[in-house]
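Down below is the structure, laid out as structure tokens.
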Amino acid sequence: MISSSEHTGTATGAGTATTTATGARQTGTVPAVDLPFRYGARLAGDIERRWQQAWSERGTFHSPNPRGPLSDGFDRVAERPPVFVMDMFPYPSGVGLHVGHPLGYIGTDVFARYLRMTGHHVLHPFGYDAFGLPAEQYAINTGQHPRVTTEANIDNMRRQLGRLGLGHDARREIATTDVEYYRWTQWIFLRIFNSWYDDQADRARPIDELVTELETGTRQPRGDANPHNRPWSALSTTERRRVVDGHRLAFISEQLVNWCPGLGTVLANEEVTAEGRSDIGNYPVFRRPLRQWMMRITAYAERLIADLDLVDWPDSIKQMQRNWIGPSDGASVEFDAVGSDVRVEVFTTRPDTLAGATFMVLAPEHPFVDTLTPDAWPPGTPAAWTFTDAGQNAADSGGSNSGGSNSGGSNSGGPAPDWTPRAAVAAYQDYAARLGDRQRGTDEIPRTGVFTGAYVTNPVTGTAIPVFLADYVLMGYGTGAIMAVPAHDQRDFSLARTLGLPIPAVLAPNAEWLDEHTVPTGTAPDAWPEAFAGEGEYLASSGVAPSLVGLSKPDAIKSTVRWLEDVGAGRAARSYRLRDWLFSRQRYWGEPFPIVFDDDGLPVALPDELLPVTLPEMTDFRPAAMADDDVSDPVPPLARVSDWVGVTLDLGDGPKTYRRETNTMPQWAGSCWYYLRYLDPTNSERFVDPEVERYWMHTPSGPPGDGGVGLYVGGVEHAVLHLLYARFWHKVLYDLGLVSTKEPFKRLFNQGYIQADAFTDARGMYVPAADVVRTADGGFTHEGEPVNRRSGKMGKSLKNSVSPDEMYDSFGADTLRVYEMAMGPLDADRPWHTDDIVGSHRFLQRLWRNIVDEATGVAAVSDAGLDTDAARTLHRTILAVQADYAGLRFNTAVARLIELTNFVSKRYGGSGELPRELAEALVLMVAPLAPHIAEELWARLGHETSLALHPFPPADESLAAESTVTLPVQVNGKVRFTIEVPAGADEQTVRAVLTGNEEYARHTVDRTVKRVIVVPGRIVNIAVG
RNA sequence: GCGGGAGUGGCGGAAUGGCAGACGCAGCAGACUUAGGAUCUGCCGCCUUCGGGCGUGGGGGUUCAAGUCCCCCCUCCCGCACCA
């Protein structure tokens, strides 16, 4: 414990040293020989280091658990309501922090400190997301082992953040790379692997229960997990295992994945930019079918949308998650193949246009392609349908011209004899695979497609329609097959034009559309400039389905769906944009899978006792080098450690050899559950003690499953990646009864970004912003040359980083904390201006000088009570600051505290007459924002214990009230004068004072007073004519 | 194109429908100083004939009263974008 007398000695010694410290910038200092206790960068640094050490030694921010190894001292806080406040943990990069990084960390710390002072038991932990591509890329670039660089980076970040005085419970610090942490990441993976989604119960269940149901026959295997639809009893042991594996929430599947040769790994959809490049490194990404681990997040699509209603998150983030999941309502319709027993299922949002479906399009990767494609072209197949020249025609042709020259398709002599449907389909599949998703996703390249040679029957018209493959149909969405309605869908329209397919209308375009496109009424769809996708009048059709004439679009859809259900050709369906989560990476620096493969090549879960599966040591952990066009399979680095890959285990049926999974988990795995490990970080028996989990996470007053982290602060960039994955894992854990809440994060807050001016020279290159000087005319120069000012996110690439270390050296950490909180609302982006920070520094200087004699370091306060004016000012401030802290409005809290400090300066300025009551309340209120100076002042005011748990000053409304109030008086809405009335004066009193005022006479003379509005305590408005 | 957010002094920003510009930076004037990049005091939206007039991206509306609520438009930022 630090007493004020002990400080005096330390501070005096250090203070003397200031006279020789001429090299340091000494903003706000005067010759220290005169004022050794002037609050400047040096004294601040001294105070901050001492208090950081004191907090650490005393365990000031340790939050005891209700039971278990961290429960010491729980009795003292048992009565306090628990609150869990945390940040999105960072990944420790090698370049260190800039002042933009800690914005959110300061915000949560201020809030956590405020909550401690208002009677809460606060859990405020911190950790590091240290696995993953960025850490590994950095390690590769610097030629060192990732663990070495990662640990060095964590040390540096811990040092930089430590100087901010963040009140974290250091005992709970975790890094996702800790073996004792990723052991439990693997354990959770096994829970997911050993679960399946029961659609009827709408929750995950242990896989053993599925096996039981399959064996007893109470449940049939899901179709897509059992391709040949044979009964369970007829399946071999291996076939049964495949069926079961096909139900798991973590499963291996051959999928079209995002293959990034530049990174030597596959990536999740969420990690690929709209330009078809990797989020990290900006390398090109290609679509390739590979066998990879997937997580069945799509099973949770509906709950991930619905449960957004349970959380207090920014609407924008909720909306982004909804958009990402992308639900869309429509129908699934089955088309019977002509001449075989295959039924092709399509998803459509427009079943009302089924009568206009004149062809079908499958994704090139659709599993039925092989089955459907015949050996020979049907008679009369137009050459344009057969993708001759293996796509050359598509690549060379110039858009609509090619469509025109091929239209009709009947003028050609048919394909060459060796050009079979199978050859054409294979060529097209090859062509489509070479296109990135981005190219497949643009209107800029001409539509291409190939006829499979197969026909299916349109259930409404009963006619046979040709089946094509086209790159614009994606295997990952819906069923990977569509019914093409060229008249009413632009993509289908374009392809129909290219291939010369009929375009019958189902709907008559409305007048606005015809007008806008200058199309005469009654024009045949073939002559339309584009498809008509709007709402219009249904035309009479000759199909077997009921007529839609006269119906609205929703009614027409309903009517069609009902008919489809009646005839067994379809049903209402919902589809999602969300894809299953690609979960494996061909990298070294990640969690190994707790999975081995047996002789059948099927995955086997390791038993919990064999966890953790640790990363083997390697000297060369780089991914196998790959050219962009390399088509070979990726080789994970771990596959090269042959004595690790091969392993002999006894998994219950005697020792056998197995082959380990050599992929590793993606970076997101570790961040999916770290908030749970904070709760019980030292538990070696469980991933978290259920009682501890319930204590911190569950809201006892709410409905079952209510709760989650009380406040979670981080950047918007995690809106869909981390937050969606973590919610998914959490829901699985909830379904399995392992956590008590439905959602992981009850309240989410996105802090803004700190922007900074950046400067470019004549060549457009960024120059170091620190070296740019402002010229007299308001321009900017760098080394004498004029430069242009731009603004952008602070960072290395724009050469505009400002390091927190510089700010500690120039002003101290408290000043940096106050400035970052004062510069604007926490959720707003704001520009950094180092020049502005002196305002926050001056505030703390005035605060200090109001209480401490700068020559002696002794606190000088009076024991006199407060007069009404001081009491009113104080209590008004308490009320306002309290509300601001509680509402995370730290910028206005700072403003209020500056006002109170300025009031104190003006009123008592150095006289020693400052009442202790006022001084202490001010110090306590400043404490969450600037905890070091507050602790120091608190100690110098004679207190022997930290103020961290001291009650926040109580506000007294009656003391805050004015005895008289000044009411503005408006005349026709413009303020003209003011009147003084007693506080709480009723309307009659106000009117009496008003009409007695000479200004009232002046403003109403020669005019008619039509009305006088009195809002007691607020305002008066006189309406005159 | 679809969805979301934001436009207020020279700058960052304040304002439960009730005195627009709190607080801070920059700027101006003064005091104290050998000195000021310290401190303290005052001024600080625009125009003005000193009565006042005009002001929260633009235009309408509701209201005694609109930065705030409603409608239309403009600009900027973010997310999604062959998703059938």
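Convention: sequence-line order gives letters A, B, ...; per-chain numbering from 1.
Spacing between B:G7 and B:A15 at atom P, rounded to whole Å, works out to 12 Å. Spacing of P atoms, B:G60 relative to B:A66, comes out at 14 Å, to the nearest Å. The separation of B:G67 from B:A20, taken at their P atoms, amounts to 8 Å, rounded to a whole angstrom. For the P atom pair drawn from B:G79 and B:C54, the interatomic distance equals 43 Å after rounding to whole Å. Straight-line distance between the P atoms of B:U39 and B:C71: roughly 50 Å, to the nearest whole Å. Spacing of C1' atoms, B:U49 relative to B:G17, comes out at 36 Å, to the nearest Å. Comparing the C1' positions of B:C72 and B:C25 gives an interatomic distance of 38 Å, to the nearest angstrom. Remark: the separation of the C1' atoms in B:U34 and B:A29 is 23 Å, to the nearest Å.
The shortest distance between the side-chain N/O atoms of A:Arg849 and the OP1/OP2 oxygens of B:C40 is below 4.0 Å. Contact check, A:Arg577 against B:A81: a side-chain N or O comes under 4.0 Å of OP1 or OP2. Within the structure, a side-chain polar atom (N or O) of A:Ser328 is placed less than 4.0 Å from OP1 or OP2 of B:A84. When the side-chain nitrogen and oxygen atoms of A:Gln845 are compared with OP1 and OP2 of B:U39, one or more of them lie within a distance under 4.0 Å. Note on A:Arg491: a side-chain N or O is less than 4.0 Å away from OP1 or OP2 of B:C83.
Atom CG of A:Asp884 is separated from atom C1' of B:A15 by 12 Å (rounded to the nearest Å). As a whole-Å value, the separation of A:Gln751 CD from B:G5 C1' is 17 Å. Atom-to-atom, CG of A:Leu724 to P of B:C80 comes out at 13 Å; the value is rounded to the nearest Å. Taking atom NZ of A:Lys318 as the reference point, atom C1' of B:C78 lies 19 Å away to the nearest angstrom. When the C1' atom of B:C23 is taken as reference, atom CG of A:Leu900 falls 13 Å away, rounded to whole Å. Rounded to whole Å, atom P of B:A84 lies 16 Å from atom CZ of A:Phe335. Separating the NE2 atom of A:His841 from the P atom of B:A38 is a distance of 11 Å, rounded to the nearest angstrom. Taking atom CD1 on A:Ile837 and atom C1' on B:C25, their separation rounds to 12 Å, with Å as the unit.
Place A:Trp324 and A:Thr348 on RNA chain B by their nearest nucleotides, and A:Trp324 ends up nearer the 5' end. Two residues, A:Ile1019 and A:Met320, neighbour RNA chain B, and the one matched to the more 5' nucleotide by heavy-atom proximity is A:Ile1019.
Base orientation of B:G67: anti (glycosidic angle beyond 90° from 0). Anti is the classification of B:G12, since its glycosidic angle lies more than 90° from 0.
Checking A:Tyr472 against A:Ser494 by side-chain atom types alone, no donor-acceptor pair falls below 3.5 Å. A donor atom on one side chain and an acceptor atom on the other are found under 3.5 Å apart for A:Arg322 and A:Gln319. At a cut-off of 3.5 Å, with distance as the only test, a side-chain donor of A:Glu345 or A:Ser332 sits close to an acceptor on the other residue. Between A:Asp352 and A:Thr560, the side chains place no donor N or O within less than 3.5 Å of an acceptor N or O (distance only, hydrogens not considered).
For the pair A:Arg1002 and A:Glu998, the salt-bridge criterion is not met [side-chain N within less than 4.0 Å of a carboxylate O]. Checked for salt-bridge contact, A:Glu913 and A:Arg907 miss the test: no charged N lies under 4.0 Å from a carboxylate O. At a threshold of 4.0 Å, the pair A:Glu962-A:Arg872 counts as salt-bridged, since one of the basic side-chain nitrogens sits closer than that to a carboxylate oxygen. Using a cut-off of 4.0 Å between Lys/Arg side-chain N and Asp/Glu carboxylate O, A:Glu957 and A:Arg876 are scored as not salt-bridged.
Distance from the side chain of A:Val473 is smallest for B:A84 among the nucleotides B:A84, B:G4, B:G79. Distances were taken from every side-chain heavy atom of A:Asn902 (C-beta onward) to each of B:G24, B:C19, B:A84; the shortest belongs to B:G24. Of all nucleotides listed (B:G24, B:C83, B:G18), B:C83 comes nearest to the side chain of A:Arg579. Each of B:A81, B:A84, B:C19 was ranked by its minimum atom distance to the side chain of A:Val975; first place goes to B:C19. Closest approach to the A:Pro968 side chain among B:C80, B:C19, B:A84 is made by B:C19 (side chain taken as heavy atoms from C-beta onward). With B:C83, B:C25, B:A65 as the choices, the nucleotide that has an atom nearest any side-chain atom of A:Val838 turns out to be B:C25. Which of B:C40, B:G79, B:G42 sits closest to the side chain of A:Lys906 comes down to B:G42. Considering only side-chain atoms of A:Arg842, the nucleotide from B:C25, B:C83, B:G4 that sits closest is B:C25.
Here CZ of A:Arg849 is found 11.0 Å from CZ of A:Arg842. Values are rounded to the nearest 0.5 Å.
Contacts of A:Gln970 with the nucleic acid, taken as non-hydrogen atoms under 4.0 Å apart, include base atoms.
Relative orientation of the A:His841 and A:Phe811 rings is perpendicular, given thresholds of 30° and 60° on the angle between their planes. The aromatic rings of A:Tyr428 and A:Tyr431 are tilted relative to each other, their planes meeting at an angle between 30° and 60°.
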Point to revise | Dot-bracket summary - RNA chain B, pairs being Watson-Crick or G-U whose distances fall under 3.5 Å, with | when paired to another strand | key: (((((((..(((.....[....))).(((((.......))))).(((....)))..(((((..]....))))))))))))....
**Study point:** Worked verdict on A:His1003 versus A:Phe977 for ring-ring contact (aromatic ring centres under 6.0 Å, His included)
**Key:** CA-CA 10 Å; A:His1003 284 280; A:Phe977 60 99; 5.7 Å; yes
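A centroid separation of 6.0 Å or more is found between the aromatic rings of A:Phe532 and A:His517. Separation of the A:Trp848 and A:Phe843 ring centroids does not fall under the 6.0 Å cut-off.
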Study note, to complete from the structure: Letter by letter from the 5' end, nucleotides 48-58 of chain B scores (B base, S sugar-phosphate only, - none; protein heavy atoms under 4.0 Å) ----SS-----
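Residue side chain A:Arg1018 reaches the base of B:U16 through a donor-acceptor N/O pair under 3.5 Å, judged by distance alone. Between the side chain of A:Asn323 and the base of B:C80, no donor-acceptor pair under 3.5 Å is found.
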Give each protein N/O atom lying under 3.5 Å from an N/O atom of nucleotides 6-13 of chain B, with the pair distance.
unit_1 : atom_1 : unit_2   : atom_2 : d
B:G12  : O2'    : A:Met823 : O      : 2.9

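Cation-pi geometry between A:Arg579 and A:Tyr477 is not met: the NZ or CZ atom fails to fall both under 6.0 Å from the ring centre and inside 45° of the normal.
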